[in-house]
Amino acid sequence: MYRDLRIAVVIPAYNEARAIVDAVATVPAFVDHVLVIDDASHDDTREQAGVGARRRAGSVEVIRHTQNRGVGGAITTGYRRALELDADVAVVMAGDGQMDPEDLPALLAPLANGTADYVKGNRFKHPEVWTAMPATRIVGNVLLSAATRVTSGYRHVFDSQCGYTAIHRRALAAIELDELFPRYGYPNDLLSRLHVAGVRVVDVPVRPIYGDHWKSGIHLGTVLHPLPWVLLRSWGTRLAAQARRRVQS
Ligand SMILES: Nc1nc2c(ncn2[C@@H]2O[C@H](COP(=O)(O)OP(=O)(O)O)[C@@H](O)[C@H]2O)c(=O)[nH]1
Ligand SMILES: [Mg+2]
């Protein structure tokens, strides 16, 4: 529990055998449920998640997709399970160890205070961003964040690609989980849908972590295609939904 909130941490993992042990073992003790979603990995991510689970006092559940569904698909599976378990908040922490567990209370505080329904990390609010984040990432991220401000409608939000987030169950209930884009582009699409639902979003500083073995499934090809199409679609869907609402009211 964090204050009076029951917390689930969702860990999407695809071929993360090396990093998943620590990612699971270091989830803070106040977290009620850890849900690892093994997205049809080819390595022994599932077994290694079990090793991490034994190092952690507290509940860890490993759910395996028999087919790869993408990071968004894995997170959606975790959100559903968190709702089934009656969690008040579902946090996303990647399986690759790029999120600092010490940032978790800062992410949860606005939800516990009742000032937000969705809180996301913003590495650009952290002083280490310019030294820790690779230059290519900074450029790509600034471009996508600027575009997402327009497409999502949240003008105060930045670092749209940061996967470290916490969502309240009332915000999860306000969107159609089935319709979310399942792959990269998922956080951008989610923001647009949250805007339609009138969800309050805030950014909090989180530490950028790019270790020696850092790798990513996102590369220039993803940024050129399909991400721009996902952004355009989310933008169009949001504007259409909001126009419909204005006509009805
Ligand atoms: N690349 C990739 N990652 C996935 C997939 N499904 C789940 N994930 C997990 O999603 C998280 C974020 O992926 P990553 O490639 O590190 O993205 P980045 O950190 O935003 O560059 C990691 O924990 C992955 O293990 C998938 O289909 N592809
Ligand atoms: Mg990563």
Side-chain angles (χ1 to χ4, degrees), residues 70-72 75-76 79 90-92 94 98-99 103 106-107 109-111 115-130 132-168 170-172 174-177 179-208 210 216-246:
V71 58
I75 291 168
T76 302
Y79 280 163
V91 174
V92 178
Q98 284 191 284
M99 281 135 197
D103 288 328
L107 227 73
L111 299 172
T115 53
D117 316 298
Y118 183 67
V119 185
K120 51 177 283 305
N122 182 342
R123 294 161 294 184
F124 289 87
K125 284 188 168 179
H126 193 285
E128 280 170 29
V129 68
W130 309 112
M133 195 184 282
T136 48
R137 289 270 137 173
I138 293 181
V139 173
N141 201 324
V142 166
L143 290 174
L144 288 171
S145 294
T148 304
R149 278 189 166 172
V150 177
T151 59
S152 73
Y154 287 114
R155 299 298 165 113
H156 63 288
V157 165
F158 206 70
D159 198 6
S160 53
Q161 304 324 107
C162 183
Y164 203 177
T165 63
I167 191 163
H168 196 279
R170 63 176 167 258
L172 281 177
I175 53 168
E176 242 4 287
L177 284 174
E179 292 172 4
L180 280 177
F181 187 71
R183 299 194 174 267
Y184 288 117
Y186 150 87
N188 317 71
D189 188 41
L190 176 60
L191 279 172
S192 297
R193 292 170 191 276
L194 292 175
H195 194 275
V196 174
V199 167
R200 297 166 301 164
V201 178
V202 300
D203 271 3
V204 298
V206 295
R207 192 156 77 91
Y210 288 84
S216 171
I218 190 166
H219 45 78
L220 189 62
T222 323
V223 174
L224 297 176
H225 171 86
L227 259 170
W229 307 111
V230 179
L231 283 172
L232 278 175
R233 197 189 67 165
S234 308
W235 192 14
T237 312
R238 173 175 76 80
L239 293 180
Q242 289 173 338
R244 267 199 308 277
R245 186 161 304 168
R246 271 196 298 275

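Atom set for the values below is all heavy atoms of this structure, side chains included, hydrogens, waters and symmetry mates excluded. Quick note: residue numbers are just sequence positions, from 1.
- Counting heavy atoms from C-beta outward, L231 and W235 have side chains that stay 4.5 Å or more apart.
- Looking at heavy atoms from C-beta onward, N122 lies out of side-chain contact with C162 at the 4.5 angstrom threshold.
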- request: Go through S160 and R149 one step at a time and tell me if the side-chain contact (heavy atoms from CB on, under 4.5 Å) criterion holds.
  value: CA-CA 8 Å; S160 53; R149 278 189 166 172; over 6 Å; no

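- Counting heavy atoms from C-beta outward, H126 and P208 have side chains that approach closer than 4.5 Å.
- Rounded to the nearest 0.5 Å, atoms CZ (R170) and OH (Y118) are 15.0 Å apart.
- Of the inter-residue distances, the one linking L191 atom CG with K120 atom NZ reads 6.5 Å to the nearest 0.5 angstrom.
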task: Show the numbers, then the answer: is there a ring pair (Phe, Tyr, Trp, His ring centres under 6.0 Å) between F124 and F158?
output: CA-CA 8 Å; F124 289 87; F158 206 70; 5.3 Å; yes

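- Defined by atom type and a distance below 3.5 Å, a donor-acceptor pair is present between the side-chain atoms of R238 and Q242.
- Between atom CG of residue D117 and atom CG of residue L194 there is a gap of 8.5 Å, rounded to the nearest 0.5 Å.
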task: Assess whether side-chain contact (heavy atoms from CB on, under 4.5 Å) is satisfied between L107 and D103, documenting all intermediate values.
output: CA-CA 7 Å; L107 227 73; D103 288 328; 5.6 Å; no

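- M133 is listed as a side-chain neighbour of Y210, based on a closest heavy-atom distance under 4.5 Å.
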task: Please test E128 against R123 for side-chain contact (heavy atoms from CB on, under 4.5 Å), starting from the C-alpha separation and ending with a verdict.
output: CA-CA 8 Å; E128 280 170 29; R123 294 161 294 184; over 6 Å; no

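- Expressed to the nearest 0.5 Å, how far CZ of R200 lies from OG1 of T115 amounts to 6.5 Å.
- Minimum interatomic distance between V202 and A116 (heavy atoms only, all atoms of both residues): CG2-CB, 3.8 Å.
- Salt-bridge formation is not detected for the pair D203/K125: no Lys NZ or Arg NE/NH1/NH2 atom is positioned less than 4.0 Å from an Asp or Glu carboxylate oxygen.
- L144 has its side chain within reach of L227: a pair of non-hydrogen atoms, C-beta onward, lies under 4.5 Å apart.
- Surrounding NE2 of H225 are at most 12 heavy atoms belonging to other residues, nucleotides or ligands under 6.0 Å away.
- Interatomic distance, CE of M99 versus CZ of R207, reported as 12.5 Å (0.5 Å rounding).
- Inter-residue side-chain proximity for T148 and Y154 is flagged as unmet; no heavy-atom pair is nearer than 4.5 Å.
- Residues I175 and V196 are not in side-chain contact: their nearest non-hydrogen atoms beyond the backbone lie 4.5 Å or more apart.
- Residues S145 and D159 have side chains that never bring a donor and an acceptor to within less than 3.5 angstrom of each other.
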- prompt: So L111 and V119, side-chain contact (heavy atoms from CB on, under 4.5 Å) or not? Walk me through it.
  reply: CA-CA 8 Å; L111 299 172; V119 185; 3.8 Å; yes

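- Here R233 contributes atom CZ and S192 contributes atom OG; the two are 10.0 Å apart, rounded to the nearest 0.5 Å.
- Here the side chains of Q161 and N188 are in contact, with some heavy-atom distance below 4.5 Å.
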